[in-house]
Each structure stands twice: as structure tokens, then as C-alpha cells.
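The shown structure was predicted, so the numbers you read here are calculated from the model rather than taken from an experiment.
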Amino acid sequence: MAEYSKYQQNLIKNYYENLDAISIQKLQELVTELYLCESEKKMNMLWQRVEKAMIKMKIHPQIQEHILARKDVKVLANNVEMWQKKK
């Protein structure tokens, strides 16, 4: 990290310290987009982004599989709410 200024180092450090909160916020936004989505193509794209966000958050693989198999926005929303309370 020597090539980064002190300010940049602090930004990077803060980003990784808050990565879980950032991922939860991203999932909350995806829940909203999924509720409002009308196109099947866009919905599939959003579910792929949900999968990537859950992997980044290191959610247990069985929970990921359950959510992605059902592709039910309410199930996702309930889990996101639960994860947010834990953090």
C-alpha cells in the first residue's frame, strides 16, 4: 500500500471494514428492484447480482441455494432483514 497516499489508504481500509454493510445495502436495493421489475430478462440479471452479493457476504451456501432456487423476493427480503439485524 506504499504507492497509495494516506488518504487513499484510509478510504481502502474503511471500505473493507464496512464491506458487510455495503453488501447489505446493495441487497436491499436489489430487493426493491426485483419488486418493481417487469421484465423476465432483467429479473434474471438481478438474481445473478443477488447471488454475487451473497457470495461476497459469505452467506452459507445452503441458504444461498434455497433463496436462488425459490427466487422469491419475499424470502430474500426476510433474509436481508435478518442479516441486517445481525450486523
Side-chain angles (χ1 to χ4, degrees):
M1 288 186 94
E3 67 271 5
Y4 296 111
S5 70
K6 186 71 173 168
Y7 175 75
Q8 290 171 323
Q9 290 175 6
N10 284 335
L11 284 177
I12 294 168
K13 181 180 143 216
N14 287 337
Y15 173 79
Y16 284 105
E17 285 177 356
N18 296 310
L19 190 57
D20 284 343
I22 293 167
S23 296
I24 287 175
Q25 181 179 353
K26 188 179 293 185
L27 280 170
Q28 289 172 329
E29 292 168 1
L30 287 169
V31 166
T32 303
E33 288 185 52
L34 282 165
Y35 270 121
L36 299 174
C37 186
E38 296 176 1
S39 162
E40 188 70 31
K41 183 178 178 182
K42 182 170 182 176
M43 193 172 290
N44 289 331
M45 224 172 57
L46 291 171
W47 280 109
Q48 289 174 356
R49 289 174 52 198
V50 166
E51 181 178 17
K52 289 177 185 176
M54 288 191 298
I55 290 170
K56 190 178 260 188
M57 283 183 62
K58 298 179 181 161
I59 301 298
H60 194 279
Q62 289 179 335
I63 295 172
Q64 290 179 34
E65 289 174 19
H66 172 74
I67 292 170
L68 294 172
R70 300 222 20 220
K71 289 193 177 181
D72 184 353
V73 181
K74 291 179 184 179
V75 172
L76 176 62
N78 289 336
N79 279 285
V80 170
E81 185 177 342
M82 183 178 64
W83 298 329
Q84 183 179 20
K85 289 179 182 177
K86 285 184 181 180
K87 304 292 176 188

List, by chain and then residue number, the residues other than Met54 in its hydrophobic cluster (Ile/Leu/Val/Met/Phe/Trp/Tyr, side-chain heavy atoms under 4.5 Å); write none if there are no others. Ile24, Leu27, Leu30, Val31, Leu34, Tyr35, Met43, Leu46, Trp47, Val50, Met57, Ile59, Ile63, Ile67, Leu68, Val73, Val75, Leu76, Val80, Met82, Trp83
When rounded to the nearest 0.5 angstrom, what distance separates CD in Gln64 from NZ in Lys58? 12.0 Å
So side chain to side chain donor-acceptor pair (under 3.5 Å) across residues 16-33, not counting sequence neighbours, yields Asp20-Lys87, Gln25-Glu29, Gln28-Gln84
First locate atom CD of Gln62, then atom NE2 of His66, and finally report the distance between them rounded to the nearest 0.5 Å. 11.0 Å
